[in-house]
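So the structure is just underneath, and the comments pick up after that.
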Protein chains: 2
Amino acid sequence: MGRREQNKIDTRRAIADAAFDLARSVGPGAFTADQIAERAGVSRRTFFNYFHSAEDALTVRMDGFLELALGVFGSMPAGEPLFESIIRAFSETTRMEGLSQHGELFRMADTNPELLRAQLHSWERAEVLIAEALRRRLGSVTGDLYLTALVGSVLSCTKAAMRDWAATTAEDAEDSGEQLEARILAALTMLRDGFSEPVASGAPSTARATHASPGQSV
Amino acid sequence: MGRREQNKIDTRRAIADAAFDLARSVGPGAFTADQIAERAGVSRRTFFNYFHSAEDALTVRMDGFLELALGVFGSMPAGEPLFESIIRAFSETTRMEGLSQHGELFRMADTNPELLRAQLHSWERAEVLIAEALRRRLGSVTGDLYLTALVGSVLSCTKAAMRDWAATTAEDAEDSGEQLEARILAALTMLRDGFSEPVASGAPSTARATHASPGQSV
DNA sequence: GCGAATATTTGCACACCGTGCAAACACAGC
DNA sequence: GCTGTGTTTGCACGGTGTGCAAATATTCGC
């Protein structure tokens, strides 16, 4: 990798880290682009070369999660039932590092509309990318509506799982990753089963529905 | 209704209309808050009393659609199968007036990130409201994750339907409303059936799956 | 290594944004 | 009318986001 590429990656990371540190210490929305730039050791102008706004610098991690999921999905065997691949792609992605930061960022969005919007945009971008990947996999037999509705629903369920996880799981829990994985699995299973019956709430992770239902041989 | 209330409603509408007119004539993102205010006959400061940004003034119609859907849903018989109510609530809402503007706004979002974010935020707000309504209806037997995943998926499907509709349907088509209704019905039916088999694409609206499947007696 | 070509960073300028504040104004109720 | 309350307005101010050109860093051919 050339010097140029590496420098850009480093700079981007430095800015994102500075933004996250600031958000953590003074709260989201309570700091300026200048402060981020200063802490990252770049000029204000350079900050805006990398991100459109302070909040955008906080979606790098979320983007990373979704890109990783997309990558994992791409490496699934093509013959595997569709929902199998989807579920495994997202639940395996929970084994990535730095997951607790995601929870923190999710919670921050509750008190900061701009950050929420930036995160929603991040999901939206992922939706487009995943829809494209899925189209390549399924070919042109499927309708656009089917494809986009499916991808949107999958991401909505994943989002709901992460929200629930962020809201209920202690930040430094030992089994944080497993907690998230269980919720993603649960939500996507509900989706595959058409939300047919309401699922009792309360303590999650017990009696997870893992029974691989028949059919689903897309 | 008192003078005060009526004035606020009028002002809000005047601003929203001014914003929409401007977006239509010069394009989204190509006008300032000052211009909206001037056209609406209020001061710049007053504009910001009503909306946080120029783009926010363009989500009033979308908010209206979603609030209307929520209202329709609330008036459904409580004993009706859940998906019946949901599908009817959204598809009946397509009979509202001014639907073509929604299509226009959807398309505008393709070229304007800020508008897209504002619209995503609008859907997000609706998601929260609908989840609350659903919780009141279903009681506390359902888990939070089930509820939020369901609502998110339903709205994702509706969103996908509107996107497809906005992209493929002529703005001034006579049967524009029916076109949208058919797509919403199709997408929500896919969801209810767990996206079990890929649906062939191409010309929509023929052979719509209307068969009321058994079960679903939530 | 050296210099030309190319990419990135930086400072500057500028229009615009979003909000606190207090005065002016409009409406409601008595 | 007169008073209390809610709304609009102008003003000021710090912050945002971007075009531009000069300065700086990296790459590549030689």
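So that the names make sense, note that chain A is the first sequence line, chain B the second, and so on, each numbered from 1.
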Per A:Ser53 side chain, nearest of listed nucleotides D:dT9, C:dT9, D:dG17:
D:dG17
Between P of D:dG17 and CZ of A:Phe48, the distance in whole Å:
5 Å
Taking B:Met62's backbone N and O only, do any of them form a donor-acceptor pair with B:Thr59's side chain (distance below 3.5 Å, no angle check)?
no
Shortest non-hydrogen contact between A:Ala57 and A:Phe47, atoms and distance:
CB-CE1, 4.2 Å
When rounded to whole Å, the CZ to C1' distance for the pair A:Phe51 and D:dG15 reads 19 Å
Rounded to the nearest 0.5 Å, how far apart are CZ of B:Phe106 and CE of B:Met162?
5.0 Å
Give the nucleotide from the list D:dT8, C:dT8, C:dC12 with an atom nearest to the side chain of A:Tyr50.
C:dT8
Here the distance between atom C1' of C:dT10 and atom CD1 of A:Ile15, to the nearest Å, is 13 Å
By nearest-nucleotide position on DNA chain C, the 5'-leaning member of B:Phe47 and B:Glu5 is B:Phe47
Nearest-angstrom distance from the residue atom CD of A:Glu55 to C1' of D:dG15
12 Å
What is the separation between atom CG on A:Asn49 and atom C1' on D:dA23, rounded to the nearest whole Å?
14 Å
For a quick test of reading the model: is some side-chain N or O of A:Asn7 closer than 4.0 Å to OP1 or OP2 of D:dT26?
yes
In whole angstrom, give the distance that lies between atom NZ of B:Lys8 and atom P of C:dA26.
17 Å
For D:dT9, does OP1 or OP2 lie under 4.0 Å from any side-chain N or O of B:Thr46?
yes
Check whether any side-chain nitrogen or oxygen of A:His52 sits under 4.0 Å from OP1 or OP2 of D:dT16, and answer yes or no.
no
Indicate, with a heavy-atom threshold strictly under 4.0 Å, whether B:Asp34 touches base, sugar-phosphate, or nothing.
sugar-phosphate
What's the CZ-P distance between B:Arg44 and C:dC16, to the nearest Å?
10 Å
Checking contacts here: which listed nucleotide (C:dT8, C:dG18, D:dG6) is nearest the side-chain heavy atoms of B:Arg4?
D:dG6
From the candidates D:dG10, D:dT27, D:dT8, the one with an atom nearest any side-chain atom of A:Arg3 is D:dT27
Out of B:Val42, B:Leu58, B:Ile15, which one pairs with B:Ile36 under the side chain to side chain contact (heavy atoms under 4.5 Å, CB included) rule?
B:Ile15
To the nearest Å, how far apart are A:Arg45 CZ and D:dT16 P?
14 Å
Report yes or no: does A:Trp165 contribute a side-chain atom to a donor-acceptor pair with the main-chain N or O of A:Ser176 at less than 3.5 Å?
yes
